[in-house]
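Both ligands and their constituent atoms are indexed starting at 1 by order of listing.
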Amino acid sequence: MQQKPFRLITIPVSHYCEKARWALTKLKLSYVEEAHMPPFYRLATNRVGGKSTPVLVTEDGVFTDSTDILQYLNKLVPENAKLYPSNPELRRQVEELEDLFDEQLGPAIRCWGYFYTINDSKLIQSKWTQGVPFFEEALFPVIYPLMRPVVRKAFNINSESATQAYEQINSIFNQVNELLADGRTYLVGDSFSAADITFAALAAPVISPPEHPIKQRPLQELPDSFASKISAFRETPAGAYVLRLYRDRNS
Ligand SMILES: N[C@@H](CCC(=O)N[C@@H](CS)C(=O)NCC(=O)O)C(=O)O
């Protein structure tokens with residue numbers, strides 16, 4: 001059993017990092033978050049063999065993918081706290097949704113969000129620098145002009161990809177709307193699971209829940225076209241679901 005708190009290496013604003021953070025909080029496991037801004041997180045992740053964030057460093061090993069992190073944490077907690085159901089069919093459904101959200105929703109939201117914000121250095125500064133060491137924050141004005149083209153290329157940010165990403169987000173929201181249409185409380189079975197955490201954490205950037213642990217900018221400070229779409233996403237059943245899960249996040 002882990003003696004010391006876990007180390008969670010993050011880019012704090014990353015929605016995949018929020019997924020891992022939420023699981024640790026929900027399972028009441030003690031951890032220390034080591035927050036870094038791009039590209040400095042690579043100094044921390046390289047040292048333990050990871051390339052992206054989140055990375056969870058434990059006495060049992062290092063986990064470099066958010067799903068591996070949740071699966072590992074799940075093994076540490078009693079039956080009534082599990083994030084994956086013991087029933088094999090329900091577990092299959094949770095894992096299938098988690099993969100869908102990780103592989104499609106997460107990248108689509110990142111692409112769409114950056115399309116609206118990448119040229120607004122002030123906005124990106126407020127997002128990238130929350131909780132990071134002072135020297136990283138101080139270097140933002142020098143680093144960001146160099147990082148912007150790297151981000152644009154790495155995540156293929158342009159108007160065409162943003163349009164496709166927006167359609168993909170809508171399509172996944174519609175799938176979640178359909179799941180919720182029978183009045184169920186959670187996405188799978190009758191208990192909270194990794195599918196719920198993954199959907200809410202990865203969808204959060206297009207919902208901007210007030211209870212999010214990373215401070216959200218008021219909608220009126222965001223570009224109008226972006227803010228109006230966030231308002232519309234909030235009004236969908238899936239969006240209302242994310243807002244509800246965030247209201248209950250710390251209880
Ligand atoms: N499949 C990974 C994806 C994680 C991911 O894409 N993390 C992003 C933050 S949003 C990252 O570290 N990006 C920096 C990079 O790829 O260099 C997971 O679920 O952990």
Side-chain angles (χ1 to χ4, degrees), residues 6-24 26 31 33-58 61-74 83-84 94-118 123-132 136 140 143-144 146-157 161-162 165 168-169 172 193-208 212-214 216:
F6 296 110
R7 280 176 65 204
L8 183 69
I9 303 172
T10 66
I11 299 171
V13 73
S14 152
H15 48 355
Y16 290 98
C17 294
E18 165 61 359
K19 174 184 164 188
R21 186 192 288 123
W22 190 334
L24 284 155
K26 176 80 190 169
Y31 72 101
E33 182 165 343
E34 284 182 31
H36 295 284
M37 189 184 97
F40 299 104
Y41 72 90
R42 282 303 284 269
L43 298 173
T45 57
N46 280 353
R47 244 179 250 141
V48 292
K51 288 195 171 74
S52 61
T53 57
V55 171
L56 187 74
V57 183
T58 80
V62 175
F63 298 88
T64 58
D65 176 87
S66 63
T67 297
D68 294 344
I69 293 173
L70 266 60
Q71 298 257 7
Y72 166 72
L73 298 177
N74 192 57
L83 296 176
Y84 297 86
V94 167
E95 290 178 343
E96 206 171 280
L97 284 172
E98 184 178 16
D99 284 350
L100 171 78
F101 302 145
D102 276 344
E103 285 159 24
Q104 297 189 27
L105 184 67
I109 285 187
R110 178 168 52 203
C111 171
W112 189 67
Y114 268 130
F115 177 71
Y116 282 100
T117 54
I118 196 163
L123 183 60
I124 297 288
Q125 183 165 20
S126 74
K127 287 181 172 289
W128 278 21
T129 58
Q130 280 192 51
V132 307
E136 293 183 19
F140 180 90
I143 293 288
Y144 190 58
L146 304 172
M147 285 301 291
R148 185 174 15 220
V150 176
V151 170
R152 205 190 297 278
K153 184 150 182 262
F155 301 130
N156 185 30
I157 314 297
S161 63
Q168 201 166 16
I169 300 166
I172 293 172
S193 74
D196 299 299
I197 292 187
T198 308
F199 181 64
L202 295 189
V206 301
I207 300 295
S208 199
H212 198 290
I214 300 302
Q216 305 291 298

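For Asp99 (side chain) and Glu96 (main-chain N/O), no donor-acceptor pair under 3.5 Å exists by modelled atom type. Side chain of Thr53 to main chain of Thr10: no donor-acceptor pair is present (N/O by atom type, distance under 3.5 Å, no hydrogens or angles).
When Met37, His36, Glu33, Glu34 are each tested for a side-chain contact (heavy atoms from CB on, under 4.5 Å) with Pro12, only one passes: Glu33.
In this structure, CG on Asn74 lies 13.5 Å from CD1 on Ile69, to the nearest 0.5 angstrom.
In this pair, Tyr114 and Phe155 present their aromatic rings parallel. The plane angle is below 30°, not in the 30 to 60° band.
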Sub-3.5 Å pairs, protein N or O with ligand 1 N or O:
residue, atom, partner, partner atom, Å
ligand 1, 1 (N), Asp65, OD1, 2.9
ligand 1, 6 (O), Arg110, NH1, 3.1
ligand 1, 7 (N), Thr53, O, 2.8
ligand 1, 12 (O), Thr53, N, 2.8
ligand 1, 12 (O), Thr53, OG1, 3.1
ligand 1, 17 (O), Tyr41, OH, 2.2
ligand 1, 19 (O), Asp65, OD1, 3.4
ligand 1, 19 (O), Ser66, N, 3.4
ligand 1, 19 (O), Ser66, OG, 2.6
ligand 1, 20 (O), Ser66, N, 2.8

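Of all the heavy atoms in Ala162 and Trp112, the pair that sits closest is O-CD1, 3.4 Å.
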